[in-house]
Amino acid sequence: MASVSSQPQFRYTQPPSKVLHLRNLPWECTEEELIELGKPFGKVVNTKCNVGANRNQAFIEFADLNQAIAMISYYASSSEPAQVRGKTVYLQYSNRQEIVNNKTSADVAGNVLLVTIEGADARLVSIDVLHLVFSAFGFVHKITTFEKTAGFQALVQFSDSETASAAKNALDGRSIPRYLLPEHLGPCTLRITFSAHTDLSVKFQSHRSRDYTNPYLPVASSAIDGSGQFSMGFDGRKVEPESNVLLASIENMQYAVTLDVLHMVFSAFGPIQKIAMFDKNGGVQALIQYPDVQTAVVAKEALEGHCIYDGGFCKLHISYSRHTDLSIKVNNDRSRDYTSPVLSSQPSVLGQQPVPIPGPSTHQFEGAQYAPPSDQQVMHQPSAGWATSAAAAGAPPPPPQSMPMQQHNHPYMPPGTMPPQSVPGMMPMQTQTGLPQSAAMPPYSH
DNA sequence: AGCACA
């Protein structure tokens, strides 16, 4: 055989290629900087940066071989070396003829996130919890879950890559808050990359996949209950037809729950159109109307079983109403139409709207929220809202209305990054109530 | 300062 030296001994005699190999680049050199460097010599059609163990190498590919030759020739005889950010960059022809795979799918932003849930109990995280977590950033279209060698993973589909990016930036590396998980679960950390998928295929609503854009998608046959109208949920609960109107019943109502309290609690998830309260079976119930089903679904999932006040008081039980549009005849202390300027301009029985209620304020969900370590102590504090009655059972009962469920800030949402469409009506609540921020008792502090 | 990775 003739000696075909595929591995040339002398790399400085590399034959020309339209791909150039760059080294000694500054840390985290960007594609833009590489293009700037090559642009005077021709058209840069592809780049790859952060190559090598030190991530200080890169490749740039020209449209034409002559352009690459021009760049090498120029710097071979130039008194000024090629530089990026003032750092000398060494150039040579690459031993390859084209850049392959410039970007991995994990680098290019898409509307679908690949979420790996880490932790011993990762696979016990329900799809509903994931939905709740990711819904903070926008409407979640679909979720599929699966187990691979990488562990328990989920694909979460948003409308667009901007929303997905916001969720990724906020949640990557963070842990799901303990209070969203069954008590015995260990920490569950989210690792998030972009998926190459753009539209997930969900055939059934099942314990491993959901399509929130299609509430009428058939439930997986394995989960169907014979009773007809209601099919069994994936976790054994009954599934009702979703509705934009929620029926909330209040259990253990030690303290008065006013219409305004309900408004504050439920408006965390979106604008409220109407509320009607009434007595039934010796307890108080309320119908809460949102403009759309999705908002109601998120509110129901977030609030079901939680207590408005710490200590297990005023526990909410929420189901979907068969109503779609409530008929509010008059605004009073039991019913209100927030969409009607005529009605709402009438003097309220309460004489104030809404009732300012002191309570924990907005810092609960900032940064530390998702910090993986040491949130065990959270459950031992008399925490603001979201405590399940069981979790809060040991806490001393607060005075009435001292601890309304926090509703000013949405879970998981770093302040300032909130997409306005995700929880409309939430920000105004902060100003309406005028709560002093300093009154906050962030249960997640430290 | 010396050639990448799904």
- Task: Would you kindly give the CG-to-C1' distance between A:Leu34 and B:dC3, to the nearest whole Å?
- Result: 15 Å

- Rounded distance in Å - OH (A:Tyr90) to P (B:dA1): 6 Å

- Rounded to whole Å, CZ of A:Arg55 lies from C1' of B:dC5 at a distance of 13 Å

- Message: Listing request: all side-chain hydrogen bond (donor to acceptor under 3.5 Å, both in side chains) pairs with a residue in residues 70-86 of chain A, at least two apart in sequence or in separate chains.
- Response: A:Glu33-A:Arg85

- Item | Residues forming a salt bridge (charged side-chain N to carboxylate O under 4.0 Å, His left out) with A:Lys18, sequence neighbours excluded | A:Glu61

- Ion pair check, A:Asp128 and A:Arg210, cut-off under 4.0 Å: yes

- Rounded to whole Å, the CG-P distance (A:Asn95 to B:dA4) equals 8 Å

- Item | Members of residues 56-74 of chain A that approach DNA chain B, where some heavy atom sits under 4.0 Å away | A:Gln57, A:Phe59

- Item | A:Arg55: salt bridge (charged side-chain N to carboxylate O under 4.0 Å, His left out) partners, not counting sequence neighbours | none

- Task: Using atom CG of A:Asn50 as one end and atom P of B:dC5 as the other, report the distance to the nearest whole Å.
- Result: 11 Å

- Which of parallel (below 30°), tilted (30 to 60°) and perpendicular (above 60°) describes A:Phe158 and A:Phe134? tilted

- Query: Start at the 5' end of DNA chain B and walk down; is the nucleotide closest to A:Glu98 or to A:Lys87 reached first?
  - Reply: A:Lys87

- Query: Atom CG in A:Leu22, atom SG in A:Cys49: separation rounded to 0.5 Å?
  - Reply: 10.5 Å

- Message: In whole Å, I'd like the distance from the CD atom of A:Gln14 to the P atom of B:dC3.
- Response: 10 Å

- Applying side-chain hydrogen bond (donor to acceptor under 3.5 Å, both in side chains) between A:Thr116 and each of A:Lys148, A:Gln153, A:Arg191, report the one that passes. A:Gln153

- Task: Can you sort out which residues in residues 18-25 of chain A have a heavy atom within less than 4.0 Å of DNA chain B? Ascending by number, please.
- Result: A:His21, A:Arg23, A:Asn24

- Could I get the full list of side chain to side chain donor-acceptor pair (under 3.5 Å) partners for A:Gln294, not counting sequence neighbours? none

